[in-house]
Amino acid sequence: MKEIKFYNTLTNKVELFKPIKEGEVSMYVCGPTVYNDPHIGNMRPVVFFDTFRKYLEYIGYKVKYVSNITDVDDKIINKAIEENVPETTITDRYIGEYKKCLELLNVAPQYSNPRVTDYMDSIIKYINNLVNIGAAYVVDGDVFFDVAKDEKYGELSKIEIDNLKSGARVEENSKKKNSLDFALWKKTDKGIKWESPWGEGRPGWHTECCVMIDSIFKDIIDIHGGGMDLRFPHHENEIAQAEMTHHNHLANYWIHNAMMNIKGEKMSKSLGNVILAKDAIKDYGSDLVRLTLINAPYRSIINFSDKTLADNQSILQKLSSCYKQLNLFANLHGLFDKLPKHSIKIEPFLDALSNDINISNGVTEMLELIKNSNMLLRQKVENFSEIVENFSTLSDICHILGLSFRPTKISEQNISLYKDYLSAKDAKDYELSDRLRNKLIEINIL
RNA sequence: GCUUCCUUAGCCAAGUUGGUAAGGCAAUUGACUGCAACUCAAUGACCAGUGGUUCGAAUCCGCUAGGAAGCUCCA
């Protein structure tokens, strides 16, 4: 198996990846809170981790990938009240929107997409255990995690508890023993609620991931991913709960992707520059959106600007034009069904990704392959085996990157159309050849 | 205030464990071409500044200047 390494936020170091079980990867990525349409930033972790997963599978790992859906939350409850409908109306609607985006962006279905509402019993049990072992305390129907009980608290985010008190936005909550303590269960009198040993209420946000990981994976997992903004407090709090419950880190490797800016500014409602994923896909197309989101170091901020889009569009244009020619070549020469699998030519691409999931460098390798293909296609003496190998390799790369290019069988009829075009051109009948050329462009063969 | 990080050609931007700088856009020139489109080739960097460690540093350490992100709504 190929050696891969990537940055572990838990240790702040690039580390060699060693899975718990040889040849298998267990991976959990925090999913959306379904209270409105996903925006373009929500899609970054989705496509990034999907690309990573496809890469892992390509090099031979069996990947068990779980991504949750948070369908219990104040924002959902408020929206339900606002629209005067049950919470499920809101969550069903936005889960639908979310899944639509994933499909459009060519994201492979995951092993499981657990919802909080399906795990309520387990969540209550989990919290109850924390109370019983003294890691959490009950105050008037609320349950809080007692951060003071976890000596390692701050390990992931490198936050020193003492430093957090000055300067940071620390909410006042007189019920808490310590301002860092976080709610595991909230007493509530409005919106959806569940019965619990502490009265009616709903769970806090941080417990669900711990419970889902326990339920689905049964043990510590390899990789836990999500956006950088989740590092603190969400993931820190997940670790704290796992430390108290199982005396482990919940995951051996923590991967966090950086955020996105819109034209150099942070995306926010108050700036009015939020771009919805579905709008971006409609305006720019799935391939361009996906490529723009992954063609950058995942730990750097992406500036979603006209310039960035144009740069990626130009890459896509090169890819498209070359890919069509390769596809045509393979069809013309009856090589379509004889494409080699896992050609060695993909190695530079795989090497780029094995080094801290550097998709940008992978794209550079793809461009090298395109350049080489263009050169081969132009040569008078056709090098069949190498061209077909390039075609196959480029197809594999597109698959890993999640771009929509794939080998397409061209009908006999269209092949003869192409041959007619060539003969018309040879005969210098440019009127006919131009007409045929336009037709071939129209049906996406040229 | 605390934590983490960044500063590479006009622009975007890559640079694992230190050995004399990927790629893309734009620009200029050339090749190919019935016309287009596409494509190929050639042409650019004293790596923010400044000290130090080293045979040798964009890459390690210090300082200066500028910038970013996070610090319980947020992917």
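Each chain gets a letter, A, B and so on, in the order its sequence line appears, and its residues count up from 1.
In this structure, B/U39 and B/A31 make a Watson-Crick or G-U wobble pair, each of the two defining distances being under 3.5 angstrom.
When ring centroids are compared, A/F17 and A/Y253 come within the 6.0 Å threshold. Between A/Y298 and A/Y7, the ring center distance fails the sub-6.0 Å criterion.
Listed pair A/N303 / B/C12 fails the phosphate criterion, with no side-chain N or O lying under 4.0 Å from OP1 or OP2. Dashed line: the shortest gap from a side-chain N or O of A/N374 to OP1 or OP2 of B/C40 is under 4.0 Å. Taking side-chain N and O atoms only, A/N355 has no distance below 4.0 Å to OP1 or OP2 of B/U16.
By the 30° and 60° cut-offs, the orientation of the rings of A/W205 relative to A/H234 is parallel.
Rounding to whole angstrom units, CG of residue A/L156 and P of B/G70 are separated by 16 Å.
Nucleic acid contact class of A/P297 (heavy atoms, under 4.0 Å, all strands): sugar-phosphate only. Among the protein residues, A/M228 comes within range of no part of the nucleic acid, since none of its heavy atoms lies under 4.0 Å from any strand. Among the atoms of the strands shown, none is found under 4.0 Å from any heavy atom of A/M375. Nucleic acid contact for A/L446: none, since no nucleic acid atom lies under 4.0 Å from a heavy atom of the residue. Residue A/H256 is out of contact with every strand shown, counting any heavy-atom pair closer than 4.0 Å.
Toward the 5′ end of RNA chain B lies the nearest nucleotide of A/F182, the other residue of the pair A/M260 and A/F182 mapping further downstream. Of the residues near RNA chain B, A/N372 and A/A258, the one whose nearest nucleotide (by heavy atom distance) lies more toward the 5' end is A/N372.
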Pairs under 3.5 angstrom, nitrogen or oxygen only, protein versus nucleotides 23-27 of chain B, please.
unit_1	atom_1	unit_2	atom_2	d
B/G24	OP1	A/K371	NZ	3.4
B/G24	N2	A/K307	NZ	3.2
B/C25	OP1	A/K318	NZ	2.9

Inset, instruction - Mark up nucleotides 29-37 of chain B, 5' to 3', with B wherever a protein heavy atom is under 4.0 angstrom from a base atom, S wherever such an atom reaches only the sugar-phosphate, and - elsewhere. - result: ---B-BBB-
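A side-chain donor-acceptor contact under 3.5 Å links A/R44 to the backbone of A/M259. Of the possible polar contacts, one joining the A/S343 side chain to the A/K345 backbone as a donor-acceptor pair under 3.5 Å is found. Put simply, the side chain of A/S112 never gets that close to the backbone of A/V66: no donor and acceptor are under 3.5 Å apart.
B/A69 and B/A26: their P atoms are spaced 30 Å apart (whole Å). Between the P atoms of B/C74 and B/C38, the separation comes to 46 Å (whole Å).
Taking the side chain of A/K5 as heavy atoms from C-beta on, and the options B/U16, B/A22, B/A75, the nearest nucleotide is B/U16.
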Inset, instruction - Begin with the C-alpha distance, continue with both residues' side-chain angles, and end with the deciding distance and a verdict on side-chain contact (heavy atoms from CB on, under 4.5 Å) for A/Y55 and A/K2. - result: CA-CA 11 Å; A/Y55 165 73; A/K2 195 169 196 67; 3.8 Å; yes
